[in-house]
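Structure first, commentary second.
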Amino acid sequence: MGLSEILRANLLSPIPLAFALGVVAKLVRSEFTLPRDIYTGLSIYLLFSLGLKGGVELAHASPASIAWPAAATLLLGCITPITTYLVLRRLGRFGVADSAGIAAHYGSVSAVTYIAAMSFTKAVGADAEGFMPTLLALLESPGIHIALAIGAVKTASPDRAVGHVLHEVLTGRTMVLLVGGLVIGALMGEKGWTAIETFYDPKGAVFKGALTLFILEMGVVAGSRLGDLRKVGPFLLGFGIIMPILHGALGVWLGHLAGLSVGGATVLGAMAASASYIAAPPAVRITLPDANPTYYLTAALAITFPFNILLGIPLYYEMARWLAG
Amino acid sequence: MGLSEILRANLLSPIPLAFALGVVAKLVRSEFTLPRDIYTGLSIYLLFSLGLKGGVELAHASPASIAWPAAATLLLGCITPITTYLVLRRLGRFGVADSAGIAAHYGSVSAVTYIAAMSFTKAVGADAEGFMPTLLALLESPGIHIALAIGAVKTASPDRAVGHVLHEVLTGRTMVLLVGGLVIGALMGEKGWTAIETFYDPKGAVFKGALTLFILEMGVVAGSRLGDLRKVGPFLLGFGIIMPILHGALGVWLGHLAGLSVGGATVLGAMAASASYIAAPPAVRITLPDANPTYYLTAALAITFPFNILLGIPLYYEMARWLAG
Amino acid sequence: MGLSEILRANLLSPIPLAFALGVVAKLVRSEFTLPRDIYTGLSIYLLFSLGLKGGVELAHASPASIAWPAAATLLLGCITPITTYLVLRRLGRFGVADSAGIAAHYGSVSAVTYIAAMSFTKAVGADAEGFMPTLLALLESPGIHIALAIGAVKTASPDRAVGHVLHEVLTGRTMVLLVGGLVIGALMGEKGWTAIETFYDPKGAVFKGALTLFILEMGVVAGSRLGDLRKVGPFLLGFGIIMPILHGALGVWLGHLAGLSVGGATVLGAMAASASYIAAPPAVRITLPDANPTYYLTAALAITFPFNILLGIPLYYEMARWLAG
Amino acid sequence: MHTTTLNLVTIIAEPVLEEMLTRELRQMGARGFTVTESRGEGSRGIRASDVPGQNIRIEVIVAPAVVPAILAHVSTHYFPQYAVIAFVQAVEVVRGEKYI
Amino acid sequence: MHTTTLNLVTIIAEPVLEEMLTRELRQMGARGFTVTESRGEGSRGIRASDVPGQNIRIEVIVAPAVVPAILAHVSTHYFPQYAVIAFVQAVEVVRGEKYI
Amino acid sequence: MHTTTLNLVTIIAEPVLEEMLTRELRQMGARGFTVTESRGEGSRGIRASDVPGQNIRIEVIVAPAVVPAILAHVSTHYFPQYAVIAFVQAVEVVRGEKYI
Ligand SMILES: Nc1ncnc2c1ncn2[C@@H]1O[C@H](COP(=O)(O)O)[C@@H](O)[C@H]1O
Ligand SMILES: Nc1ncnc2c1ncn2[C@@H]1O[C@H](COP(=O)(O)O)[C@@H](O)[C@H]1O
Ligand SMILES: Nc1ncnc2c1ncn2[C@@H]1O[C@H](COP(=O)(O)O)[C@@H](O)[C@H]1O
Ligand code: NA
Ligand code: NA
Ligand code: NA
C-alpha cells in the first residue's frame, strides 16, 4: 500500500489513538490519570514480556546473525549522544548541562517507541527479526553513560553521585526485566514459553491491551507538558523532530548494512530516533542538576515520542524499503 | 425458562456470588480489601473495555437506529433526578440538600449494574443492542447536573464550587474512558479491535474475571455500610428498592417505545433503576455539604445496587418480555 | 524420565528462573521491585483462582474421596508445628518465643509452594486431585493457632492480643479468597466457570504469567534477606532444609495412606514441607514480640521456600512414586 | 545558619476538598503547600469517598500574619460541614523570604 | 481567632501495631487519630512485614494531661520489643474542646 | 515520664534525592529517619519525575547541635538547583540518648 494509506492505517491504530485520548483528556483539564502503581506495574509487565519473548527467539538465533546488528546498535549508542550534544551545544547554543542532559535521553531508547515500531512492521507485513529485544537491551544504557560522562567532564559537576547513578542505570528496571527476561526466555525454551505465551506474547491481545492503557497514561503525562512547549523555544521544537529523522535514517542505514531485514532496519531506526524517558531523567537530574528538566522531558515526551509513533516510524519504514531497493 | 429458574441462575452467577463474598468478609470482620490502586485500575479497565467495544459496534450502527434510544436515555436522565427529588422531599420529608444529593445519584447510572444487565440478557439469550455503551455514556452526567442545579437553586449553597464540579463530572474518569473508548473503538475499526479483543471484549473471560474481583471489593465496601442501614431509617430502605423498580419500569417502557429489543429495554431499565456511586458522591459532597453522605452512599451502594443485581434485573427483563408481548 | 532430567526440567521452568532473577537483581543491588499494591493484587488474584477452580472441582468430588485426605491434612496441621517447636527448643536450644514463632510458620503452608508442586506434578504427568485447594485451605491456620497457643502458654506473654490475632488469621486474605473461592466455584458450577476459565484457570497462561511476576518479586524479597543468612546461624540453616524433608516425607506418607494419587501425595508433601510467610509473620510479631523476625522470615523465605521449589518438590515426588511402588 | 521563625499550618481533611483548599490557601497568601495521603478517625465518621476514613494532610508554611485568616476561613467554611481539623506550629526555616 | 494549646504526639511504628496502638490511644483518651504510611530506618532494622522498613506514622492531638500516660504506655509495652519511636510537640488548635 | 528536647528536621524534596539525602543525613549524625511520600507545589515547579509534583518528606530527629550542619548542607548542595525545603521544630522524646 502507498505511503498515505500506511500513514492513515498507522494513525488509526490503537497506539496513536490511545495516546491522543490521553492528551485530549489533559486538554479538557480532566483529572483522569492511571494510578502510579498500575502505571509502573504495566511497564514492568511490558518490559518483561519483551525480554521473555526475545529470549525464546534468541535461543534459536545463530550468534553470527546477531553479531553485526548488535555491533550496529552499540555504534548507535555511541554516536547518537555525541551528535545530540554537538547539535545542541554548537547550533542550539545550549549550555553544557542542558546539552549533555538532553543527549542522555536521545542517546538511549524508548521501549514504547520500539514496541510501536514492532507492531507497525508486523502490520505492514514486514516482521522484524526475533532478536530485536536483545538490541533494545543493548541500546538502553551506553548513550546515557556517554552523555553523563561528557557532562561530568565539561562541568565541574559534583561527581559525588555519578558512579552511583551509572550503577543505577545498569541495574534499573528496564535492564533487569529485559536482560533477565532474555536469559529466562532462552533457558526455559519453547515448552516453558507456550505455557505462558498467551499472557506474555508481544503480538498477543493481552500485551496489546495492556500497552493501550499504558500509552493512554503516557498521553496524559505528555499532555501535562504541552504547556511547556512554549517554554522550550523554537530550536528545541525543531530539534525534537529533525534529530529523530537524522538518527532514524542513520539507524536504518546501519541496520541495512548489518544485514537486517526491512522490518528490522525500520525498528532499529525507530530505536535510534527515540528518546528515553524512564531511565534517563532521574540519572540526569542527579548528575546534571543544572540541566533544566523542562527541556529534556518536554523534548523526549511531548515532541519526539508523538512524532515517532505518528509519522516517524512509517518514514523510517519508507527509508528501509528504499535502501532495500 | 421460568422466572424462578432465571432468578436462581442469576443468583448463582459470579457477579452476585462475588458481591456476597465481599459482604460476608466484612460481616466476619475480615480485614480483607483490594488495594485502592488495583480497585481504581480495574474500574478504568472495565470502563475502557465498554467504551472500545461500544465504539466498534457504533461504527456499524445506523444513526437512525440510535436516535430514538438516545433520546429515551436523555429523557430518563432528566426525569429520574426530578422524580427522586420530589419523592424524597414530599413523601420522605427529607431536607433539600439530602433530597437533591440522593437525586444526583439516582439520576445518574451505575456502570457495574449496566454490565450485570448486559451479561444477564446475554445469559438468557436476549442480547442487547451493540450501541448500549453509547447510552451508558449519555446517562452518566445529565442527572447529576440537574440534581445539583435543583440543590443550588433551592439552597443558598455557596456556589463557589458548582461550576468547577460540573466540569469535573463531565471530564471525570467515566466520561473520559467511555466517550474516549467509543471514539477510539469507532476509529480503529474491526482490524484494530480483533488485535485486542481477547483483552477488552466485555463478553470475554478477561473482562468477566476482572469484573468478579472488582465486584468482590464492591461487596466489601457495601458490607462496611450495612451498619448504616439502621441509621438511614425505614423510608430510605423502602425507597432504595421501590424507586429502582419504578425507574426500571419507566426505562423498560421508554426503551420499548424507542424500538429497543427485549434485551436492550431490559438493560436501559436497569440503567435507569441504578444509582451512581463513582461520579456522584464527590460532586454532591462538594456542592451540597449539608447532604448526609451516609444517606446517599448507603442507599446507592448497600440497598439499590444489590437489589438490582440480585432481583431487579430479572424483574426488568420480565417487564420487557411482557411489553414485547 | 530419570531424576536428573526431572531436576533439570524443574530448574529450567519459569517459577525457579523468575525467583532466581529476583535474587540476582538484589545481589547486583538493583532497586527493582514490584509496587506493593501490584504484589498484593497478584496474590489476591492467585489465591482467588485457586479457590474458584478448587470449588468447581469440589462440586464433582464425592465427600468420601475427600474425607481421608482432609483428615490427613488436619493431622499434618497439628503435628508439624509441634515437631518444629520441639526440634528448635530441644535440639536447637532456641528460646520459647523463637521456637513457637518459627513453628507457626512451618505449621502453616505456603500457597506458592503449593502452586509450584501442582504445576510440577502436571508437568511430569502425575496430576494431583482436583480438590487439593480444599486441603490447602484446611492447612492454612491450624498450625498457626497451635504454635501461638504453645507460645502463649510457655511464655508469660501479654495475651491482650492473642484472641484478636487468631481471629485475624481465620479471616485473613488467604482464608477469605480460598474458602470464599471454593464456595463460589462450587455454587456457580461449570457454566459460570467456563465464562471466566481463561482468566482464572491455574493451569492457564494468565495465571502462570501472573505467577511468574509474583515469584520474581518473591525473589527480590528473599534476596534482601540473604544477608541475614549469616545472622541466623548454622543450626537454622540446616533446619530450613532438613525439617522440610522430614515434614515432606510425612506429608507424602500420610497422603499415600489417605489414598491420594502420586501427584496428590507429592503436593500434600510439599504443603507440609512448606512454611507460611503471609499469614504467620504478622500474627507471630504481635503475639510473640520476643521472637526474632529475622529468624522466622529468613528461614521461611530465604531457605525453605527456595529449597522446596528447586529440589524439595522433585524429591517428594520421588518419595511418592517409591511409596506407590 | 540564619533561620526565620514562621508557622506551619497542618490541615487534615476529606480528599474531595483538596483542590478547593489548596486553591484557597494560595489565595490567602501561601506560596506553596505539601499534601500527604493519610487515613484517620475522629468524632465525625462521614466521608464522601467509598474508602471510609481516607484523608489528605495539607501542610503549609506561612508568615504568622497569615495564620488567623487561614484558621478563620477553615473554621467558617469547613468545620461545620466537613471532617476537617487544623493545627498550627512554629517552625524555623532557612530562606524565610521564600514563604512570604 | 481563639486557639488552644494542646499536644501532638507522633508515634512511628511497625504496621502490625496499627490496630492495637490506635485502639489503646482511644482508651487513653484520644478523640481521634491520623495515620500515614511511611518507611524509615533506625537502630533496629527488624520488621515482621516482608516489606522491610515499612512503617506507620500515627499522629494524635491530645490534652497535655494525657501525654505522660501515652508515653509511659508505649515505653513499657512497645519500646523494648518493637521498632517504635514517639515524640511530642505543642500545637495551637481551634475548637480545643474537640480533642479533650 | 522523663523526656529530652531534641530537634525534628523535616526536608521536603524531589524523589530522586531520597537515597543521597538519607545517606548524607546519616553521615551528619542522624541515627535514623522517616520518609513519607507526598506531593506539593511551590515556587519552582520543575521535577525530573514524569509524575509532576511528587515529593518525599524526610523527617529526622537529631540533637540541636547537629541541626546547623544539616541546614548548611541542604542550603549549599540542594536549595540552588533542586526543589527542596527544610524546616526545624523542637520535639520532646523519650530515650533521648537513642537519637544522639
Ligand atoms: N485528636 C485527633 N488527633 C489526630 N487527628 C485527628 C484527631 N481528631 C480528628 N483527627 C483527624 O481529622 C479527621 C477528621 O476528624 P473529625 O472531623 O473529628 O471526623 C479524622 O479522620 C482524623 O484524621
Ligand atoms: N532519628 C530518627 N529520626 C526520624 N525517625 C526515626 C529516627 N530513628 C528512628 N526513626 C523511625 O522509627 C522507626 C523505628 O526506629 P528503630 O526502632 O530505631 O528501628 C524507624 O524505621 C524510623 O522510621
Ligand atoms: N510554603 C510551603 N508550605 C509547604 N510546603 C511547601 C511550601 N513551599 C514549598 N513547599 C514544598 O516544597 C516543595 C518544593 O518547593 P519549591 O522548591 O518551592 O518548588 C514543594 O513541592 C512543596 O511540596
Ligand atoms: Na535514541
Ligand atoms: Na439511574
Ligand atoms: Na508446613
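So that the names make sense, note that chain A is the first sequence line, chain B the second, and so on, each numbered from 1.
Scanning both residues, A:Gly180 and C:Leu21, for their nearest heavy atoms gives CA-CD1, 3.6 Å. Of all heavy-atom pairs between A:Thr171 and C:Ser30, the closest is O-OG, 2.6 Å. Scanning both residues, C:Val206 and A:Phe199, for their nearest heavy atoms gives CA-CD1, 3.9 Å. In plain terms, the two heavy atoms of A:Gly41 and C:Pro35 that are nearest each other are N-CG, 4.3 Å. Nearest heavy atom pair, residue A:Gly192 against residue C:Pro14, reads O-CG, 4.3 Å. Here the closest heavy-atom approach between residue C:Gly209 and residue A:Ile196 is recorded as N-CG2, 4.0 Å.
Using a 4.5 Å heavy-atom threshold, the side chains of A:Phe48 and C:Leu213 count as touching.
Looking at C:Leu216, the atoms closer than 4.5 Å to chain A (heavy atoms on both sides) all sit in the side chain, from C-beta outward. Interface remark: C:Ser119 contributes no atoms to any contact with chain A (heavy atom separation under 4.5 Å). At a 4.5 Å heavy-atom cutoff, A:Leu170 makes no contact with chain C through either its backbone or its side chain.
Taking chain C as the reference chain and counting heavy-atom pairs below 4.5 Å, the highest number among A:Val179, A:Val176, A:Leu177, A:Thr198 is found for A:Val176.
The structure places OG of C:Ser13 at 10.5 Å from CD1 of A:Ile184, a figure rounded to the nearest 0.5 Å. Distance check: C:Asp37 CG to A:Asp37 CG gives 5.0 Å after rounding to the nearest 0.5 Å. From A:Glu197, atom CD reaches atom NZ of C:Lys208 across 13.5 Å, with rounding to the nearest 0.5 Å. How far CZ of A:Arg173 is from OG1 of C:Thr33: 10.0 Å, rounded to the nearest 0.5 Å.
Proximity of a side-chain donor or acceptor of A:His167 to a complementary backbone N or O of C:Val28 within less than 3.5 Å is detected.
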List the steps and the verdict of side-chain contact (heavy atoms from CB on, under 4.5 Å) for C:Leu34 and A:Ile44.
-> CA-CA 8 Å; C:Leu34 215 59; A:Ile44 289 173; 3.6 Å; yes

